[in-house]
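Notes follow once the structure below has been shown.
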Amino acid sequence: MLFRLFILVLFLISCTSLNNNFDDKNLEKLGLIEIKSNQTYISRLIEDNIKNTLDVYNTKNSKEKRYTVILEVNDSIERSLLASSVRKIEMSVNYKIIDKSDNTLLLNDSFSRNSLVGPIDSLFSRNQSEINAQKRLGISMSNDLIVRLIEWASFDLVT
């Protein structure tokens, strides 16, 4: 029992002593990003979530943006003639980070997520279930994009 307690204390001390490797100067780049997307409901949801999160990094309160992130959000719902079948919703995001000063492409990447909608007999309930699944996928993808932008800003050598 004492050995387990020692291991737990050692683990907690090692976790709290880890240094933050992010450079604040690099993370300030996140405040200089403007987001552009195709104007669908889900892409605006993703865009607003990213903008709200990255506002924290705008320490200089400048309105001038140095980087542009272009989002292209696509989604598809696999439909079936059977009303009680399971449907798959697939959403993909292609994003580009462009330096506005010299119009160079800094990063181009894409990823996708899937969600399943269970069998529902009511047409209204099925439609609502699909809308809710799309919203959940949009929020999940925006969180993933935020992490990817933080990684880009903290590990990118171009300043």
Side-chain angles (χ1 to χ4, degrees), residues 8 11-79 86-118 120 124-159:
L8 180 65
F11 175 74
L12 290 175
I13 289 173
S14 66
C15 287
T16 57
S17 67
L18 292 176
N19 292 333
N20 188 357
N21 292 331
F22 294 127
D23 186 11
D24 291 339
K25 183 169 175 67
N26 284 346
L27 291 181
E28 286 178 0
K29 291 192 297 188
L30 295 172
L32 302 174
I33 292 177
E34 77 174 321
I35 311 288
K36 293 184 180 179
S37 66
N38 51 348
Q39 292 297 309
T40 63
Y41 174 74
I42 297 299
S43 64
R44 285 193 308 262
L45 179 74
I46 292 171
E47 181 180 345
D48 290 342
N49 192 29
I50 293 171
K51 282 180 181 177
N52 290 338
T53 302
L54 296 184
D55 272 349
V56 174
Y57 298 103
N58 192 3
T59 58
K60 298 176 183 174
N61 292 325
S62 69
K63 297 291 181 187
E64 184 178 332
K65 302 296 184 180
R66 181 174 174 191
Y67 305 102
T68 302
V69 175
I70 300 173
L71 300 176
E72 185 180 326
V73 180
N74 299 310
D75 62 340
S76 65
I77 299 174
E78 183 181 285
R79 302 203 184 263
V86 175
R87 282 173 307 288
K88 180 173 117 176
I89 298 175
E90 183 174 4
M91 190 174 293
S92 63
V93 172
N94 183 18
Y95 65 98
K96 299 174 185 176
I97 302 174
I98 298 173
D99 189 346
K100 290 173 69 173
S101 62
D102 55 0
N103 213 19
T104 58
L105 181 66
L106 301 176
L107 180 65
N108 185 13
D109 198 9
S110 64
F111 62 98
S112 64
R113 298 282 181 268
N114 296 325
S115 180
L116 295 177
V117 178
I120 300 172
F124 176 76
S125 298
R126 185 181 331 145
N127 188 34
Q128 284 302 116
S129 180
E130 289 172 358
I131 290 171
N132 291 338
Q134 287 176 316
K135 287 179 184 179
R136 284 191 308 271
L137 279 174
I139 295 297
S140 172
M141 295 186 88
S142 68
N143 291 336
D144 196 359
L145 273 167
I146 291 166
V147 169
R148 289 169 185 244
L149 290 173
I150 291 172
E151 288 174 347
W152 165 77
S154 61
F155 298 114
D156 188 35
L157 299 176
V158 179
T159 56

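The minimum heavy-atom distance linking R44 with S37 is given by the pair N-OG, 4.4 Å.
Between the side chain of N38 and the backbone N or O of V73, at least one donor-acceptor pair lies under 3.5 Å. Checking side-chain atoms of S154 against main-chain N and O of I150 turns up a donor-acceptor pair under 3.5 Å. Side-chain N or O atoms of E72 include none that pairs as donor or acceptor with a backbone N or O of I70 at under 3.5 Å. The backbone N or O of I139 sits less than 3.5 Å from a side-chain atom of N143, completing a donor-acceptor pair. One N or O on the side chain of N52 and one on the backbone of D48 form a donor-acceptor pair closer than 3.5 Å.
No side-chain heavy atom of K135 sits under 4.5 Å from any side-chain heavy atom of E130. At a threshold of 4.5 Å between non-hydrogen side-chain atoms, the residues S112 and M91 do not count as touching. Side-chain contact between I98 and L106 is absent, with no heavy-atom pair separated by less than 4.5 Å.
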Audit row: S76, E90, side chain to side chain donor-acceptor pair (under 3.5 Å) steps and yes/no: CA-CA 5 Å; S76 65; E90 183 174 4; 4.6 Å; no
Full working for side-chain contact (heavy atoms from CB on, under 4.5 Å) between I89 and N114: CA-CA 6 Å; I89 298 175; N114 296 325; over 6 Å; no
Chi angles and distances behind the side-chain contact (heavy atoms from CB on, under 4.5 Å) call for Y41, Q134: CA-CA 10 Å; Y41 174 74; Q134 287 176 316; over 6 Å; no
Stepwise side-chain contact (heavy atoms from CB on, under 4.5 Å) check, K29 with Y57: CA-CA 8 Å; K29 291 192 297 188; Y57 298 103; over 6 Å; no
Residues T68, I33; criterion side-chain contact (heavy atoms from CB on, under 4.5 Å); working and verdict: CA-CA 6 Å; T68 302; I33 292 177; over 6 Å; no
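Taking a cutoff of 4.0 Å between a charged side-chain nitrogen and a carboxylate oxygen, K96 and D109 do not qualify as a salt bridge. Salt bridge K51/D55: absent, no basic N to carboxylate O contact under 4.0 Å.
Aromatic pair W152/Y67: ring centres closer than 6.0 Å.
Paired with V93 under the rule side chain to side chain contact (heavy atoms under 4.5 Å, CB included), one option of I42, N74, L71 passes, and it is L71. Of the listed residues (R66, K100, K65), just one forms a side-chain hydrogen bond (donor to acceptor under 3.5 Å, both in side chains) with E34, and that residue is K100.
To the nearest 0.5 Å, atoms CG (D75) and OG1 (T40) are separated by 7.0 Å. Taking CG of L107 as the reference point, atom CD1 of I97 lies at 4.5 Å (rounded to 0.5 Å). With rounding to the nearest 0.5 angstrom, the CG atom of D144 is 10.5 Å from the CD1 atom of I46. L30 CG to L54 CG: the interatomic distance, rounded to the nearest 0.5 Å, is 5.5 Å.
In the model, N49 has a side-chain atom that pairs as donor or acceptor with a side-chain atom of S142 under 3.5 Å.
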